[in-house]
Amino acid sequence: MTGQCSLEDYLQRYSETGPLAVAVAAAIDAIAVAAVDIAELTGKGLLSETSTLATGRNSDGDLQRDLDVRADAIIRRCLGKIPIAAFASEEARDVEIRDPHGRICVAVDPLDGSSNIDINMTVGTIFSILSAPDHFADCFRQPGTAQLAAGFVTYGPQTSLVLTVGDGVDVFTLDRASGCFRLVRRGMLIPMHADEFAINASNRRHWDAPVRTFIDECLTGIDGPANHDFNMRWIGSLVAEAFRILTRGGLFLYPSDARPGYGDGRLRLVYEAHPMALIVEQAGGLASTGYQRILDLSALSLHQRVPLIMGSAHEVRRIEELHCDPLLIASATAPLFARRGFFRV
Ligand code: AFP
């Protein structure tokens, strides 16, 4: 089945499952068309006239590059050809209300990981598709469980589309010769136990006690409570970490930390954590803030951040257990044991 089935065939079959599926399939097809152009753009590197340097900041204060803006424009152009009720992007402050007859809403991070572009690392597009509520302005205030589909595209050695329409996770790789995405993996499953964890360890002194305790358990390996040795990765590109976890299991953590502006971590709920959480859960993993299931959360504001801990179920459950440990919670709040206190947990 794999290799022969094109994304077009796949979406055609999915479209037959109902009128809403027709709209979702059209949006996924449009994003796939945009992905081919974005892959071309990111693949040029310094050959491109598009600057990879930061040229400003987006509405939420993140460094913005020409490539971010160009990727956003490509996606808007491709999605502009189909009727969607509302569109949201990391690169724009406000929700764009579009077609009053649209049945779906789409939120995107056009180019996640773009700070890695100038070092030739894998970057990607993340997208979330929801049904349009009565009041379109509330589209992106729905819980993650309201998503009809979610996915991401990696622009790396392969240009691959990772997709769920609610029936498992499938992977399509761009066949550059034909310009067609072909099904290469069907029903990806994340192993229950992790052998790798991914976290920006330079922030250790800023983490809350439960995260510090979990990472210390990973570092003590077979000699400690985890009774298991771990390897570590940190690519700095969520899509690359997610693709690895889907492929061989593992854990990704971007927790809240004590740095100014990082009280809710770094990643956005609507167009990063929600879609990633749907994909991870559809592949048998878990996605949590440490206290709550990501998919149960609803955004109060479009660019709201959220701590994201996702991957192999066994380790996510262990982290949630530590977040319920009264001793660790007390240590995070007691002045003497505060994050920057003299005593480390
Ligand atoms: P950019 O899109 O600004 O490169 O941020 C990428 C990202 O949102 C996510 O993909 C990475 O996992 C995370 O940031 C890396 O954050 P640090 O630079 O703080 O490690």
Side-chain angles (χ1 to χ4, degrees), residues 38 41-42 45 50-72 74-75 88-92 107-128 150-156 160 162 196-208 211 215 232-246 250-277 279-280 287-289 294 299 302-311:
I38 296 172
L41 182 64
T42 54
T50 303
S51 164
T52 59
L53 301 175
T55 53
R57 290 188 180 274
N58 63 21
S59 58
D60 201 45
D62 275 358
L63 285 178
Q64 190 172 57
R65 294 159 178 81
D66 276 352
L67 273 177
D68 289 314
V69 176
R70 288 283 302 276
D72 180 70
I74 290 169
I75 292 170
S89 167
E90 178 175 49
E91 303 313 326
V108 299
D109 178 357
L111 202 61
D112 177 71
S114 55
S115 60
N116 296 297
I117 276 279
D118 38 5
I119 57 168
N120 196 22
M121 285 293 291
T122 294
V123 294
T125 295
I126 307 171
F127 63 91
S128 169
F152 63 89
V153 184
T154 60
Y155 309 112
S160 287
V162 178
E196 289 173 321
F197 67 92
I199 192 167
N200 183 337
S202 70
N203 296 321
R204 185 185 185 284
R205 65 191 181 284
H206 304 301
W207 300 334
D208 284 337
V211 171
I215 297 300
M232 186 186 148
R233 287 284 184 275
W234 186 248
I235 303 174
S237 176
L238 178 58
V239 294
E241 319 270 13
F243 199 94
R244 185 190 61 250
I245 289 168
L246 284 163
L251 203 67
F252 170 90
L253 304 91
Y254 210 113
S256 58
D257 72 47
R259 290 174 294 165
Y262 283 79
D264 287 319
R266 176 189 174 101
L267 300 170
R268 272 58 178 200
L269 178 58
V270 171
Y271 42 78
E272 291 175 323
H274 268 169
M276 282 299 177
I279 291 163
V280 165
S288 172
T289 65
I294 292 286
L302 179 59
H303 301 291
Q304 174 178 332
R305 295 181 184 215
V306 70
L308 177 59
I309 296 163
M310 67 178 195

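All values below come from the heavy atoms of this structure, side chains included, with hydrogens, waters and symmetry mates left out. First listed ligand is number 1; within each ligand, the first listed atom is number 1.
- Geometrically, ligand 1 and D112 share a nitrogen or oxygen pair separated by less than 3.5 Å.
- Looking at heavy atoms from C-beta onward, W207 lies in side-chain contact with D257 at the 4.5 angstrom threshold.
- Using a 4.5 Å heavy-atom threshold, the side chains of V123 and L67 count as separate.
- Of the listed residues (R266, R305, M276, M121), the one carrying the non-hydrogen atom nearest atom 7 (C) of ligand 1 is R266.
- At least one N/O-N/O distance between Y254 and ligand 1 falls below 3.5 Å.
- A donor-acceptor pair is defined here as one N or O able to donate and one able to accept, closer than 3.5 Å; no such pair exists between the side chain of H303 and the backbone of V270.
- A distance-only check finds no donor-acceptor pair linking the side chain of D112 to the backbone of D109 [under 3.5 Å].
- Residues T42 and L111 meet the side-chain proximity criterion, which asks for heavy atoms closer than 4.5 Å.
- D208 places no side-chain N or O within donor-acceptor distance of the main-chain N or O of S256, the cut-off being under 3.5 Å.
- Looking at N203 next to ligand 1, no N or O pair under 3.5 Å apart turns up.
- Under 4.0 Å from ligand 1, the heavy atoms of S237 that appear belong solely to its backbone.
- For ligand 1, the atoms lying closer than 4.0 Å to a non-hydrogen atom of S115 are 1 (P), 4 (O).
- Atoms of ligand 1 lying under 4.0 Å from at least one heavy atom of S114, given by number and element, are 1 (P), 2 (O), 4 (O).
- Of the heavy atoms in V239, none comes closer than 4.0 Å to ligand 1.
- Between L267 and ligand 1, no N or O atom pair is found at a separation short of 3.5 Å.
- Nearest to atom 20 (O) of ligand 1 by heavy-atom distance, out of L111, D257, N200, D68, is N200.
- For the pair T122/I235, no side-chain contact is recorded, criterion being any heavy-atom separation below 4.5 Å from C-beta on.
- Within the listing of ligand 1, atoms 1 (P), 2 (O), 4 (O), 6 (C) sit less than 4.0 angstrom from a heavy atom of G113.
- The only member of F243, F197, W234 that meets ring pair (Phe, Tyr, Trp, His ring centres under 6.0 Å) when paired with F252 is W234.
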